[in-house]
Each structure stands twice: as C-alpha cells, then as structure tokens.
Amino acid sequence: MSKLHTSYLGLKLKNPLIVSSSSLTSNIESIEKLADAGAGAVVLKSLFEEQIQAETNEMGETLSHAEAYDYIEQMGMSLGPAQYLELVRESKSRVDIPVIASLNCVDGKWWKEYAVQLDSAGADALEVNLSLMPRRFDQKSGDLEKELIHTVETIRKHSSLPLAIKLGPYFTSLPEFATRLQKAGADALVLFNRFYQFDFDLSTGQPKGRVSLSSPEDYHQALRWISILFDRAGVELAASTGVHNAETALKMIAAGADAVQLCSVFYRNNTQILESILRDMEVQLDSLGVSDIQDLKGRYAQKRSEKPESYERLQYIKALTGLS
Ligand SMILES: Cc1cc2nc3c(=O)[nH]c(=O)nc-3n(C[C@H](O)[C@H](O)[C@H](O)COP(=O)(O)O)c2cc1C
C-alpha cells in the first residue's frame with residue numbers, strides 16, 4: 001500500500017491531495033486530466049443557489065453571494081442545475097477517484113431537492129460552501145450563525161451523503177462554531193474558502209472584483225486553525241488556501257488535516273504539477289522517516305503540543321518583543 005493512502009469523508013483516497021472546487025473541475029476533460037495527474041479526489045465546481053434561482057425564474061433582485069458575480073458572470077461558469085447533475089454522472093463514469101459535489105448556498109430552502117438529486121446522480125460526498133458575506137446592518141453575528149447552522153441541519157436532514165462544510169476564516173469564535181456545525185451534521189470542515197478580492201476603478205468607480213489566486217505564503221491561517229481544531233471539534237478537517245507545494249501539504253497533515261485541497265497552484269503552473277508535488281511528498285516523508293502518512297497526522301497539532309500556548313498569543317508576544 002502506498003504511504004500516501006488515506007481516508008476522508010468515509011472515502012478511500014490514494015493520497016490526500018484533492019483538487020478544490022474551481023473552473024478546473026467544471027468540465028470532464030479537465031477532471032480527467034487531474035485524475036490522470038494523480039489527484040486523490042476532486043471537488044466539482046460549485047452549483048450556486050443563484051443558478052438554481054435563475055433556472056426556476058425566481059432570481060431575487062440581488063445575487064446574495066458577492067462571489068457569485070465573479071464565479072458566474074466573469075468566469076462564465078453558469079452550469080445550470082440539470083447540467084450540473086450531468087457533470088456529476090459523467091465524472092463518476094469517467095474517473096475512478098471520488099467525486100465530491102459542491103453547493104454554494106445562502107439558506108436552506110433550495111437544497112432539499114438538489115441534495116437528494118446529487119446523491120442519486122452518484123456524487124460520493126457533498127461540500128457546501130457557507131462563506132457568506134454579511135451585508136445586513138441589522139443582522140447580529142449570532143443570528144447569522146444560527147442561519148448557517150439551520151442550513152446545515154436542513155441539508156443533513158435531506159441528504160445522506162458525507163457532508164463537508166467550507167467556511168471563510170472570519171468567525172469570532174471558530175472552535176465553538178465548529179462544534180455546532182458538527183452537531184448540525186457536518187462530517188468535515190474545509191478551512192478556508194478564499195474570498196474574491198474587491199476593488200474598483202478610481203476614475204469610474206466601476207467594481208473590479210475578480211478571482212485572485214493565492215500565493216505560497218497564504219497558508220498560515222488554515223494551518224493554525226487546523227492545528228487548533230484537530231481532534232477536538234468532532235469533525236474531519238481539510239486544508240484549503242495557499243497550499244502550493246509538498247512541504248505545505250505535509251505541514252497541513254502534521255497540523256491535523258485529513259485531506260488537503262489545492263487550486264491556485266494549478267492556475268499558476270499547470271495541472272501536471274500535481275505529479276511532482278506527490279513525488280516530493282513521498283521524498284519528504286522518507287527523509288522524515290515516516291512510512292505511512294497516517295503517522296504524521298496531527299503530530300504537531302495543538303492538542304499534542306507540550307506548549308499549547310505557543311500556538312496562540314505567546315508566539316505573537318515573542319514576535320513583537322523580539323524575544324526568541
Ligand atoms: C477560478 C476559481 C474559481 C473558484 N470557484 C469556486 C467555487 O465554485 N466554489 C468554491 O467553493 N470555491 C471556489 N474557488 C475557491 C477554491 O476552491 C479555493 O478554496 C481557494 O482558491 C483557495 O485555495 P488555493 O489557495 O489553493 O487557491 C475558486 C477559486 C478560483 C481561483
């Protein structure tokens with residue numbers, strides 16, 4: 001058995017590297033290339049709530065996800081729900097790695113039907129992107145969290161698929177919220193979604209939001225939170241954002257990730273880079289003396305540290321005061 005074998009969401013993966021939801025996973029040709037390059041699994045491009053609304057002629061006056069403008073309009077990625085189900089079926093028939101469907105939703109009401117249909121189309125699991133942009137000035141953070149929890153409960157009630165919840169990094173008390181997500185039915189958390197970057201043209205005021213790719217330095221926030229949540233929140237963890245090489249992928253595992261999602265690295269290079277990242281992971285495991293990646297999992301999680309405080313404020317104080 002390969003030293004990279006692992007499991008995530010109850011699925012057997014030949015390695016922990018998953019291609020994140022993106023335009024790379026929106027068509028079968030690209031999905032086949034990623035599978036050939038060695039991906040452990042793929043998360044399909046998201047089906048956005050707004051796309052379902054559009055198809056059912058109930059589009060509200062605004063798109064609720066700031067990101068949906070970007071993903072749907074600028075990227076021209078408007079697979080409707082019917083085409084989406086077809087993509088799930090086709091992917092399952094053409095590649096032999098797990099295929100995780102992705103929904104990007106605002107509230108629970110649309111998902112009952114689609115969660116069931118994704119299951120019968122053959123999806124191996126479901127990832128739900130709950131990275132909402134709060135936009136109402138009268139909405140309290142606690143109320144927003146309650147709505148998110150309700151969404152997860154609703155999906156859980158209607159789908160028996162293994163369920164991963166993808167979050168943005170902006171929560172006041174992530175440990176508590178993670179525990180509530182688990183109780184609501186989440187099997188895994190994907191930390192973190194990367195929001196599109198807002199900008200506008202100074203002379204016209206025209207918004208210029210666009211997808212911005214991460215850089216190899218953007219992984220620290222996910223690393224910290226995975227190391228803090230490992231073996232404490234009752235959920236599996238997948239890293240997302242800033243994983244561009246083997247070393248960072250292995251750090252995520254050592255922090256406690258069950259799987260590692262990659263996206264920008266493929267846009268910055270090409271999909272073939274996956275093969276060299278996998279090779280490098282094997283080499284680096286050898287040099288660490290690790291023969292099975294499971295032995296590395298959580299090795300440097302906060303829970304297992306003799307100095308758990310060093311994961312939090314102490315490190316910050318040291319940095320600011322120049323102590324070593
Ligand atoms: C072009 C592009 C399209 C994306 N589309 C989606 C999407 O439909 N659903 C989603 O949950 N995340 C989407 N993402 C976010 C990625 O899945 C990933 O979480 C993010 O890019 C951070 O990972 P990275 O640093 O490896 O790029 C997209 C990212 C990019 C660059």
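Remember, it's 1-based here, ligands and their atoms both numbered in the order they're listed.
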*Could you walk me through whether Leu278 and Leu17 pass the side-chain contact (heavy atoms from CB on, under 4.5 Å) test, one step at a time?*
CA-CA 8 Å; Leu278 285 165; Leu17 300 192; 3.7 Å; yes
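In summary, the atoms of ligand 1 found under 4.0 Å from a heavy atom of Ser214, numbered by their order in the structure, are 24 (P), 25 (O), 27 (O). Within the listing of ligand 1, atoms 3 (C), 4 (C), 5 (N), 6 (C), 7 (C), 8 (O) sit less than 4.0 angstrom from a heavy atom of Lys45. Close approach of ligand 1 to Leu213 (heavy-atom distance below 4.0 Å) involves ligand atoms 31 (C). The Gly242 neighbourhood of ligand 1 comprises atoms 24 (P), 25 (O), with distances under 4.0 Å to a heavy atom of that residue. Atoms of ligand 1 lying under 4.0 Å from any heavy atom of Ser240, numbered from 1 in the order shown and given with element: 18 (C), 19 (O), 22 (C), 23 (O). Proximity to Ser264 (heavy-atom distance under 4.0 Å) selects the following atoms of ligand 1: 24 (P), 25 (O), 26 (O), 27 (O). Each of the following atoms of ligand 1 lies closer than 4.0 Å to a heavy atom of Ser22: 3 (C), 4 (C), 5 (N).
Considering backbone and side-chain N/O of Ser46, one or more are found under 3.5 Å from N/O of ligand 1. Below 3.5 Å of separation, one finds no N or O of Tyr267 facing any N or O of ligand 1. Below 3.5 Å of separation, one finds no N or O of Arg194 facing any N or O of ligand 1. Residue Gln261 has no nitrogen or oxygen atom sitting less than 3.5 Å from a nitrogen or oxygen atom of ligand 1, judged on distance alone. On a distance-only criterion, Val265 and ligand 1 share no N/O pair closer than 3.5 Å. The shortest N/O to N/O separation between Ser102 and ligand 1 does not fall below 3.5 Å. Polar contact check, Asn129 against ligand 1: a nitrogen or oxygen pair lies under 3.5 Å apart.
For Lys166, every heavy-atom contact with ligand 1 shorter than 4.0 Å involves the side chain, none the backbone.
Using a 3.5 Å distance cut-off with no hydrogens or angles, the side chains of Ser23 and Tyr267 do pair a donor with an acceptor.
Listed for the Ser93 side chain is a donor-acceptor partner under 3.5 Å among the backbone atoms of Glu90.
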